[in-house]
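Beneath this line is the structure, given in structure tokens, with notes to follow.
What you are looking at is a predicted structure, and each value in this text was computed from that prediction instead of being measured.
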Amino acid sequence: GLAKPWKAATVQVTYFTYRPLVDRDNILAWLKSSFDAFQGIIVGNDSALTYLPVVIERVKAKEPHCGCIRLVLTRTA
């Protein structure tokens, strides 16, 4: 963990998929428990996270990273 949690951060989620239709809000809901885990470790409170729009990266179904998610947290305060 960090020596001291950040006061605020942005979260950028990238979802790699072959599917033509993806509900970006459901992806954030699916990751809620992960964001809760950041509380007290990366940020003092999960309400200090600002969620950027989910990025959808189209890949072929057989590519090894299909179905993967990349999370990038950037300290903002």
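- With sequence neighbours left out, Lys60 forms a salt bridge (charged side-chain N to carboxylate O under 4.0 Å, His left out) with no residue at all.
- Residues Phe38 and Ile27 are members of one and the same hydrophobic cluster, defined by side-chain heavy-atom contacts under 4.5 angstrom among Ile, Leu, Val, Met, Phe, Trp and Tyr.
- Remark: Ala37 pairs with no residue by the side-chain contact (heavy atoms from CB on, under 4.5 Å) rule, at least two apart or across chains.
- Between Leu31 and Val13 the shortest side-chain heavy-atom distance falls below 4.5 Å.
- Hydrophobic cluster membership is shared by Ile69 and Ile42, with clusters built from Ile, Leu, Val, Met, Phe, Trp and Tyr side chains linked at under 4.5 angstrom.
- For Ser33, the side chain to side chain donor-acceptor pair (under 3.5 Å) test picks out no residue, with sequence neighbours left out.
- Trp6 and Ala77 make their closest contact through CB-O, 4.2 Å (heavy atoms, listed as atom of the first residue, atom of the second, distance).
- No chain of hydrophobic side-chain contacts below 4.5 Å, direct or via other Ile, Leu, Val, Met, Phe, Trp or Tyr residues, connects Leu52 to Val72.
- Here the closest non-hydrogen pair linking Gln12 and Pro53 is NE2-O, 2.8 Å.
- By the side-chain contact (heavy atoms from CB on, under 4.5 Å) test, Asp25 is found to be paired with Asp23, residues two or more places apart in sequence or in another chain being considered.
- More than 12 heavy-atom neighbours from other residues, nucleotides or ligands sit within 6.0 angstrom of CZ on Arg58.
- Note: the hydrophobic cluster containing Val54 also contains Val22 (ILVMFWY, side chain heavy atoms under 4.5 Å, direct or indirect links).
- No donor-acceptor pair closer than 3.5 Å links the side chain of Arg75 to the backbone N or O of Thr10.
- Taking Tyr51 as the reference, Phe35 meet the ring-ring contact (aromatic ring centres under 6.0 Å, His included) condition, with sequence neighbours excluded.
- Applying the ring-ring contact (aromatic ring centres under 6.0 Å, His included) definition to pairs two or more places apart or across chains, those involving residues 53-77 are Phe16-His65.
- To the nearest 0.5 angstrom, Glu57 atom CD is 12.5 Å from Cys68 atom SG.
- Here the side chain of Thr14 pairs no donor or acceptor atom with the backbone of Val55 at under 3.5 angstrom.
- Between Cys66 and Thr17, the shortest heavy-atom distance links the atoms SG-CA, 4.2 Å.
- Hydrophobic clustering of Ile, Leu, Val, Met, Phe, Trp and Tyr side chains at less than 4.5 Å, counting indirect connections, keeps Leu71 apart from Val59.
- Here the closest non-hydrogen pair linking Val43 and Pro5 is C-CB, 3.7 Å.
- Closest non-hydrogen pair, Gly44 versus Gln39, comes out as O-CG, 3.6 Å.
- When every heavy atom of Ile56 is checked against every heavy atom of Arg24, the shortest pair comes out as CG1-NH2, 3.3 Å.
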